[in-house]
Amino acid sequence: GQQVMQIPQYQHVQEGEDFTTYCNSSTTLSNIQWYKQRPGGHPVFLIQLVKSGEVKKQKRLTFQFGEAKKNSSLHITATQTTDVGTYFCAGKPSNTGKLIFGQGTTLQVKP
Amino acid sequence: NAGVTQTPKFRVLKTGQSMTLLCAQDMNHEYMYWYRQDPGMGLRLIHYSVGEGTTAKGEVPDGYNVSRLKKQNFLLGLESAAPSQTSVYFCASNKQGATEAFFGQGTRLTVV
């Protein structure tokens, strides 16, 4: 079936280090979305990418959508303790109403 | 706006009992989803709906049923609860098309 794989599952970094999580889909996606879930909370939307090869930035966060619209990445520059949480990618396979999430990457930041 | 509201927030069931989780959204969204979240498994789609009166299976539909009789409500039913259904359940909704999804606060269900 349609799958969205995300790596790594966990990442521990020292505050100030960079962080990247990768997302790969087995099928072409109409778009990719990224969400952040704080411990004990619910997922909150960060951004959506739609175009092939698209790159978007939000302050220290950089999001990319692959040329084939099957993969994506989220890069955080100079992590802060406020970046702690689980980051999920989510994709809607073309011609479906499903919104499929990756397994998530849990980020821990040591001060 | 309340956004997406889930009830109840917590529940403990005995094996074999039934229950219904309610999700209500006040944003006039067409699409609604039920996910379960387990450690290391991410958010897995149980069932979803693209409009009033329509539902479809997601990745892990077995043991669950859903109904969307009204546009604003999406109900998730467990007919005979099993310990494997112990999880945190999230409801989400979004507008038709590829737009951001809004999540409820979650329901923590324990089946003993």
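A note on names: the letters A, B, ... follow the listed sequences, proteins ahead of strands, and every chain is numbered from 1.
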Exercise. Honestly curious: do B/F74 and B/L78 fall in one hydrophobic cluster under the side-chain, below-4.5 Å linking rule?
Worked result: yes
For this session: For residues B/F90 and A/Q37, determine if any side-chain heavy atom of one lies less than 4.5 Å from a side-chain heavy atom of the other.
Result: yes
Problem set entry | Heavy-atom proximity to chain A below 4.5 Å, by part of B/F103 | both
Exercise. Which residue out of B/G104, B/G58, B/A101, B/G106 racks up the most heavy-atom pairs below 4.5 Å with chain A?
Worked result: B/A101
Exercise. A/Y22 and A/L29: same hydrophobic cluster, using ILVMFWY side-chain contacts below 4.5 Å?
Worked result: no
Problem set entry | Main-chain N/O of A/Q48 paired to B/E100 side chain as donor or acceptor, under 3.5 Å | no
Exercise. Quick one: NE2 on B/H47 to NZ on A/K98, what's the gap to the nearest 0.5 Å?
Worked result: 11.5 Å
Exercise. Looking at CG of B/L43 and CD of A/Q103, how far apart are the two atoms once the value is rounded to the nearest 0.5 Å?
Worked result: 10.5 Å
For this session: Is it possible for you to say whether B/V88 and A/F88 belong to one hydrophobic cluster, with membership spreading through side-chain heavy-atom contacts below 4.5 Å?
Result: yes
Exercise. Can you find a heavy atom in the side chain of B/L45 that is under 4.5 Å from one in the side chain of A/L99?
Worked result: no
Exercise. Is there a donor-acceptor contact under 3.5 Å linking the side chains of A/Q3 and B/E59?
Worked result: no
Exercise. Does B/Y31 share a hydrophobic cluster with A/I32, counting links as ILVMFWY side-chain heavy atoms below 4.5 Å and allowing steps through other members?
Worked result: no
Exercise. Around atom CZ of B/R44, are there more than 12 heavy atoms of other residues, nucleotides or ligands at under 6.0 Å?
Worked result: yes
Exercise. Side chain, backbone, both or neither: which part of B/Q37 has an atom under 4.5 Å from a heavy atom of chain A?
Worked result: side chain
For this session: State yes or no: do B/Y35 and B/V50 share one hydrophobic cluster built from I, L, V, M, F, W and Y residues joined by side-chain heavy-atom distances below 4.5 Å, directly or via other members?
Result: yes
Seminar exercise, completed: Interatomic distance, OH@B/Y48 vs CD1@A/I100, rounded to 0.5 Å, equals 8.0 Å
Exercise. Do you know which two heavy atoms are closest between B/N94 and A/K92, and how far apart they sit?
Worked result: ND2-NZ, 3.9 Å
Exercise. If you count the non-hydrogen atoms of other residues, nucleotides and ligands that lie under 6.0 Å from CD in B/E52, is the total more than 12?
Worked result: yes
Exercise. Can you find a pair of side-chain heavy atoms, one from B/M41 and one from A/F101, that are under 4.5 Å apart?
Worked result: no
For this session: Can you tell which part of B/F102 gets under 4.5 Å to a heavy atom of chain A, answering side chain, backbone, both or neither?
Result: neither
